[in-house]
**Q** 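Below are the structure tokens for one structure; questions will follow.
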Amino acid sequence: MNRKSLNVGLILLNDGEVKAKYRSKRNLPGIRSISEKQKQLASKKINGMLPKCRDARFSSGLVEEFSDHCLRVGLDPDRLEKLKAEKQPHCLLYLPQIGGAPYVRIVNKEEWTKQMEPDITAAMDEKIIVNGLSTLLIQEVEENHKSGKTNGTDVQSPFSTEQLKLLSKVERIKSSLNTLISPATGINTNYRHVIIAGAAGLGKTHFVKSFLERNNLPYARITGSVSLFSLGVRLACIMANRNPNETLYIHIDDADVAFKTEEGCNLLKQMLFDDNAFVYERNIGPLLQGFPSEVRDAVESFRSGESLGFRVPLENVVFLITTNIPLPSDSDVANLFGRSGQSGILVHRNAIRSRCRYRYLDFSREMRWAWIASVFLIDGRIADHENFITKVMLDFLWENRQTMQEYTIRTAELMLKIAREYPKTFYVEWQNEFLWHLN
């Protein structure tokens with residue numbers, strides 16, 4: 001069941017003249033009638049916030065908190081019931097800049113739109129309301145574009161308090177992941193490899209690649225969705241021209257193929273800690289005939305004596321492995337002992353996890369939004385060259401987070417591409433592309 005959303009318009013007045021407008025949206029059930037004691041507490045909060053709120057440039061987070069206190073005081077049971085009866089409830093919150101207390105008016109959609117309609121770029125559909133993005137912010141964006149400034153838009157300007165908390169949590173997770181990978185720079189035979197698991201589309205690949213490039217570390221990337229033999233060939237080609245005494249990072253992306261079978265898990269154990277080498281013991285002679293000469297030469301350089309296979313030493317390699325398959329903990333495996341046929345592959349996966357630094361990313365839809373949004377922020381800011389359309393895209397993802405057919409970083413990138421191709425109709429294109437099942 002979909003909750004009704006209450007559209008809140010906050011209007012800052014100076015001697016009756018409108019100086020600034022801010023808008024936000026919240027779930028109507030979140031605003032309930034409260035006791036007199038709670039109302040008094042909200043009133044004290046309002047009085048403490050008034051000096052900041054009367055400055056026409058306070059942040060969106062402060063708008064959310066201030067509006068919440070005002071609505072708790074201003075919405076008595078009768079007015080709340082009136083809002084619940086509305087198909088699309090709207091209200092206006094007026095704040096005099098000099099003297100006078102804030103007050104709430106319940107209005108219909110037409111009056112709300114008339115009072116809150118911002119003068120924004122003509123490329124935007126007039127019906128689109130960008131929640132949480134103030135008129136002042138839009139003006140700043142336009143002025144920055146005209147003047148050529150590239151300072152970016154502060155993350156506190158466009159996002160709600162809830163979203164800011166989620167973004168802050170994501171930053172802590174990313175900081176933890178950076179720490180997880182960073183110790184691997186000091187090559188240590190034990191526990192130097194890193195495995196990051198989580199659902200597809202979270203941007204695990206993007207995170208690892210960004211880390212390696214940001215820290216200027218030598219690395220190579222291998223997609224794991226290949227046969228085990230092909231994995232060995234790729235490793236041979238990478239290591240053939242490397243100084244074996246130099247540290248190299250190898251990112252095995254999408255390593256699901258190796259984790260799905262006992263053979264693959266055993267091979268990974270050999271690579272990561274048993275032999276510190278890729279060992280392939282089958283006859284590779286016939287298999288090499290179809291490869292280019294440089295590939296054959298690379299593999300042949302790792303054959304010795306009468307061996308039919310080949311062995312690629314990996315002593316100074318740090319593996320960064322990303323996978324969609326979660327690896328079980330010791331307790332997960334212990335719970336399965338005694339259940340015939342259930343613990344085999346899990347024991348192998350657990351053995352790999354226990355000898356590596358491991359992290360599993362499991363996000364709610366809200367946290368996934370924050371993880372996606374963080375990719376488009378630079379030092380906590382939306383890049384200035386596309387900050388307005390990026391904000392609209394992130395709003396769309398947030399508002400439709402429970403119903404989006406696709407909900408990944410690639411989705412967000414595709415949305416921006418559509419917006420560039422269809423600047424006047426992109427919002428409808430987004431609905432048709434990602435919400436088609438609701439049409």
Side-chain angles (χ1 to χ4, degrees), residues 173-174 177-178 180-181 183-184 189-213 217-239 242 247-280 282 299 310-329 332-333 343-363 371 408-410:
I173 292 173
K174 288 191 171 183
L177 287 173
N178 282 326
L180 188 77
I181 299 176
T189 302
N190 296 320
Y191 309 107
R192 70 178 184 270
H193 308 298
V194 176
I195 300 175
I196 300 176
L202 283 181
K204 301 184 294 294
T205 300
H206 178 275
F207 178 83
V208 171
K209 181 181 178 182
S210 298
F211 174 88
L212 293 169
E213 293 180 348
L217 296 171
Y219 79 96
R221 178 177 173 269
I222 299 175
T223 176
S225 56
V226 295
S227 69
L228 299 178
F229 173 72
S230 297
L231 173 62
V233 170
R234 290 292 307 279
L235 288 170
C237 292
I238 291 169
M239 300 303 295
R242 296 288 306 181
T247 301
L248 175 68
Y249 283 75
I250 296 182
H251 175 202
I252 301 183
D253 187 23
D254 188 18
D256 294 7
V257 170
F259 282 117
K260 282 182 178 179
T261 65
E262 292 190 18
E263 180 187 10
C265 287
N266 284 328
L267 186 145
L268 285 178
K269 283 191 285 185
Q270 286 180 328
M271 287 171 47
L272 300 177
F273 36 84
D274 287 347
D275 295 328
N276 284 311
F278 180 95
V279 181
Y280 195 85
R282 300 175 186 175
V299 176
F310 65 107
R311 183 183 187 277
V312 183
L314 302 166
E315 284 87 353
N316 287 320
V317 169
V318 177
F319 283 102
L320 306 178
I321 300 173
T322 51
T323 176
N324 299 331
I325 297 177
L327 306 186
S329 64
D332 293 331
V333 174
S343 61
I345 188 69
L346 295 184
V347 170
H348 291 288
R349 292 175 184 168
N350 169 255
I352 296 171
R353 168 176 170 162
S354 65
R355 294 291 298 273
C356 298
R357 292 197 297 279
Y358 173 81
R359 189 63 50 83
Y360 178 58
L361 305 177
D362 184 21
F363 295 153
W371 184 269
T408 67
I409 291 173
R410 287 186 292 273

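Note that the numbering runs from 1 along the sequence shown for the chain. Fair warning: this is a prediction, and the values are worked out from it, not measured in the lab. Values reported hereafter were calculated over all heavy atoms of this structure, with side chains retained and with hydrogens, waters and symmetry mates removed.
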**Q** Which atom pair, heavy atoms only, marks the closest approach of R359 to L180?
**A** NH2-CD1, 3.7 Å

**Q** Can you tell me how far CD of E262 sits from CG of L267, rounded to the nearest 0.5 angstrom?
**A** 13.5 Å

**Q** Has N350 got a side-chain atom pairing as donor or acceptor with L346's backbone, closer than 3.5 angstrom?
**A** no

**Q** With respect to H193, which candidate in Y249, F273, F319 satisfies the ring-ring contact (aromatic ring centres under 6.0 Å, His included) definition?
**A** F319

**Q** What residues, two or more places apart in sequence or in another chain, satisfy side chain to side chain contact (heavy atoms under 4.5 Å, CB included) together with N324?
**A** A200, K204, D254, D256

**Q** Kindly indicate, with the supporting measurements, whether the criterion side-chain contact (heavy atoms from CB on, under 4.5 Å) is fulfilled by R353 and I195.
**A** CA-CA 8 Å; R353 168 176 170 162; I195 300 175; 5.7 Å; no

**Q** Start with the C-alpha gap between L212 and R221, add the side-chain angles, then the distance that decides, and say whether side-chain contact (heavy atoms from CB on, under 4.5 Å) holds.
**A** CA-CA 11 Å; L212 293 169; R221 178 177 173 269; over 6 Å; no

**Q** Does any part of the side chain of K260, heavy atoms only, come nearer than 4.5 Å to the side chain of I345, both counted from C-beta?
**A** no

**Q** What distance do N266 atom CG and T261 atom OG1 have between them, rounded to the nearest 0.5 Å?
**A** 8.5 Å

**Q** Can you give me the closest heavy-atom contact between L228 and F278, atom names plus distance?
**A** O-CZ, 3.3 Å

**Q** Between L320 and Y219, does the side-chain contact (heavy atoms from CB on, under 4.5 Å) criterion hold? Intermediate values first, please.
**A** CA-CA 10 Å; L320 306 178; Y219 79 96; over 6 Å; no

**Q** How many angstroms lie between atom OH of Y191 and atom SG of C356, to the nearest 0.5 angstrom?
**A** 9.5 Å

**Q** Within a strict 4.5 Å, meaning less than it, do heavy atoms of the L231 and V257 side chains meet?
**A** no

**Q** Could you pull out the closest heavy-atom pair between G203 and I409, with the gap in Å?
**A** CA-CD1, 3.5 Å

**Q** Is a donor on one side and an acceptor on the other found under 3.5 Å between the side chain of Y358 and the backbone of L327?
**A** yes

**Q** Indicate yes or no: at least one non-hydrogen side-chain atom of I252 is less than 4.5 angstrom from one of M271.
**A** yes

**Q** Would you please test D253 and T322 for side-chain hydrogen bond (donor to acceptor under 3.5 Å, both in side chains) and show each step?
**A** CA-CA 5 Å; D253 187 23; T322 51; 2.8 Å; yes

**Q** Where is the tightest heavy-atom contact between R242 and T247, given as atom of each residue plus distance?
**A** NH2-O, 3.8 Å

**Q** Where is the tightest heavy-atom contact between P326 and A197, given as atom of each residue plus distance?
**A** CA-CB, 4.2 Å

**Q** If you measure from OH on Y360 to CD1 on I325, what distance do you get to the nearest 0.5 Å?
**A** 11.0 Å

**Q** With heavy-atom distances below 4.5 Å as the criterion, would you say the side chains of W371 and T408 are in contact?
**A** no

**Q** To the nearest 0.5 angstrom, please state how far the CG atom of L202 sits from the CZ atom of F363.
**A** 6.0 Å

**Q** Evaluate the side-chain contact (heavy atoms from CB on, under 4.5 Å) criterion for residues I173 and L361: first the C-alpha distance (whole Å), next the side-chain angles of each, then the deciding distance (0.1 Å), finally the verdict.
**A** CA-CA 9 Å; I173 292 173; L361 305 177; 4.3 Å; yes

**Q** Find the distance between NE2 (H206) and CZ (R410) and round it off to the nearest 0.5 Å.
**A** 12.0 Å

**Q** Sequence neighbours left out, what passes ring-ring contact (aromatic ring centres under 6.0 Å, His included) with F229? Give chain and number order.
**A** Y280

**Q** What closest approach, in Å, do K269 and I352 show between heavy atoms, and which atom pair accounts for it?
**A** CG-CG1, 3.6 Å

**Q** Between the main-chain N or O of V317 and the side-chain N or O of R192, is there a donor-acceptor pair closer than 3.5 Å?
**A** yes

